Amino acid sequence: MYRSRDQVFSGAPNSVLVAEVAGLRPGQALDVGCGEGADAIWLARRGWRVTAVDISQTALHRAAAAATDIAGRVAWTQADLTGTPPPAAAFDLVSAHYFPLRRQPDHAALHGLLDAVAPGGTLLFATHDLADLTPRPEQGFDPSDYYQPGDIVRLLDHHWTVLVNEIRPRADHAPAGTHHTHDAVLRAQRLPIPVDASDTRPATHSATDLNATPSAV
C-alpha cells in the first residue's frame, strides 16, 4: 500500500485520538499500526514517549522523516503485534486506530494489547462502524471477521472500567474511495492498584522491551 503512493494519509492525527487523549497526563504510549506516524508525532509533541509500531518499513521511514523535531521521543519499531505481543503493563496509553485486528478463537493478539496497558492506563480503540463496511467475498474480506469495540468490552474483566463505548459521526474526511461516515470508539481504563495492595503489584516491563528491533530510520 505505501510503496504505491508517496503519501497515503493526510498527516493529521486521528480526531478520536485528539478528543479522547488531550486531557490525559503524558506517559508511555503504544501506537498500534502507526502508519506514517501522525498520531505518534502528535502524542510526542505533547509530552508522551511513544513506541510506534507498524509492519511496513516504508511507512516507518516516512514517519521518522516527518518527526525530526521530536528526535528521541518516538521509537519507530517494525513488528507484527498480531504475533509478537508488546511488553505487559508497560504503557499508560495503548492506542489502536483502524487497526485490522482479526478475531482469534483464543483472542491471543487482543489479550496481548490489553495486557500491555499499565494499571491506571488507558486503552483507546477506534474502527469503522460495521454499518459503513461492505463484505467483499471476492477479496476474502468480511468485516465481521474483525474485532469491534463491543467484542472487546465483553472480554474486559473487573479490573477495567469502560469510559466510552459508542458509535459517533466521523469527524475526519473519509479516505478516498470510501464512504465511512461513523466511527466505533472504545475508551477503557485499567483500574489503578490500590495503595494497600501495592505489594501484589504485577511485574512490569520497559516499554522498550518489545521483541522487535527499533527501525533504523
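All values derive from a computational prediction rather than experimental measurement. FYI, the numbering just counts along the sequence from 1.
Connection of Val18 to Leu124 is established within a shared hydrophobic cluster, with ILVMFWY side chains joined at heavy-atom distances below 4.5 Å, either directly or through further cluster members. A continuous path of hydrophobic side-chain contacts links Leu155 to Phe125 [ILVMFWY only; heavy atoms under 4.5 Å]. Leu123 is not connected to Ile167 by any chain of hydrophobic side-chain contacts under 4.5 Å among Ile, Leu, Val, Met, Phe, Trp and Tyr, and they are in different clusters. Both Leu24 and Trp42 are assigned to one and the same hydrophobic cluster, defined by single-linkage of ILVMFWY side chains at heavy-atom distances under 4.5 Å. In this structure, Leu156 is a member of the same hydrophobic cluster as Phe91, with clusters built from ILVMFWY side-chain heavy atoms closer than 4.5 Å.
Side chain of Gln78 to backbone of Leu60: no donor-acceptor contact under 3.5 angstrom is found. For Asp151 (side chain) and Gln148 (main-chain N/O), a donor-acceptor pair under 3.5 Å exists by modelled atom type. Asp157 contributes a side-chain N or O that, together with a main-chain N or O of His159, makes up a donor-acceptor pair within less than 3.5 Å. Judged by distance alone, with hydrogens and angles left aside, the side-chain atoms of Asp54 form a donor-acceptor pair with the main-chain N or O of Ser56 at under 3.5 Å. Judged purely by atom type and a 3.5 angstrom limit, Arg73 uses its side chain to pair as donor or acceptor with the backbone of Gly47. Under the 3.5 Å distance criterion, the side-chain polar atoms of Gln28 are left unmatched by any main-chain donor or acceptor of Asp92.
How far NE2 of His182 is from OG1 of Thr127: 14.5 Å, rounded to the nearest 0.5 Å. Expressed to the nearest 0.5 Å, how far CZ of Arg25 lies from OG1 of Thr122 amounts to 12.5 Å. Residue Leu114 holds its CG atom at 7.0 Å from CD1 of Ile152, rounded to the nearest 0.5 Å.
Nearest heavy-atom pair across Ser144 and Leu130 is N-CD2, 4.4 Å. Shortest non-hydrogen contact noted between Val50 and Ala44 is CG2-N, 4.0 Å. Of all non-hydrogen atoms in Leu113 and Leu81, the two that sit nearest each other are CD2-CD1, 4.4 Å. When all heavy atoms of Ala52 and Ala40 are compared, the closest pair comes out as CB-CB, 3.8 Å. Across Ala63 and Gly35, no two heavy atoms sit closer than the pair CB-O, 4.2 Å. Between Arg190 and Asp115 the shortest heavy-atom distance is NH2-CA, 3.8 Å.
With contacts defined as side-chain heavy-atom distances shorter than 4.5 Å, the pair Ile41/Val74 does not qualify.
Listed by first and then second residue, the ring pair (Phe, Tyr, Trp, His ring centres under 6.0 Å) pairs that reach into residues 101-124 are His107-Tyr147, sequence neighbours excluded. Note on residues 37-49: pairs passing salt bridge (Lys or Arg N to Asp or Glu O under 4.0 Å), not counting sequence neighbours, are Arg45-Asp69.
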Does Val21 form a side chain to side chain contact (heavy atoms under 4.5 Å, CB included) with Ser95? I'd like the steps, not just the answer. CA-CA 10 Å; Val21 174; Ser95 175; 6.0 Å; no
Walk me through whether Trp48 and Leu93 qualify under side chain to side chain contact (heavy atoms under 4.5 Å, CB included). CA-CA 9 Å; Trp48 294 81; Leu93 171 67; 3.6 Å; yes
Residue pair Cys34, Thr77: steps toward the side chain to side chain contact (heavy atoms under 4.5 Å, CB included) verdict: CA-CA 9 Å; Cys34 67; Thr77 305; over 6 Å; no
Checking side chain to side chain contact (heavy atoms under 4.5 Å, CB included) for the pair Leu101/Thr82: CA distance, chi angles, key distance, verdict? CA-CA 7 Å; Leu101 188 59; Thr82 65; 4.1 Å; yes
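Atom CD1 of Ile55 sits in a sparse spot, with 12 or fewer heavy atoms from other residues, nucleotides or ligands closer than 6.0 Å.
Arg168 and Asp183 are not joined by a salt bridge, as no carboxylate oxygen comes within less than 4.0 angstrom of a charged side-chain nitrogen.
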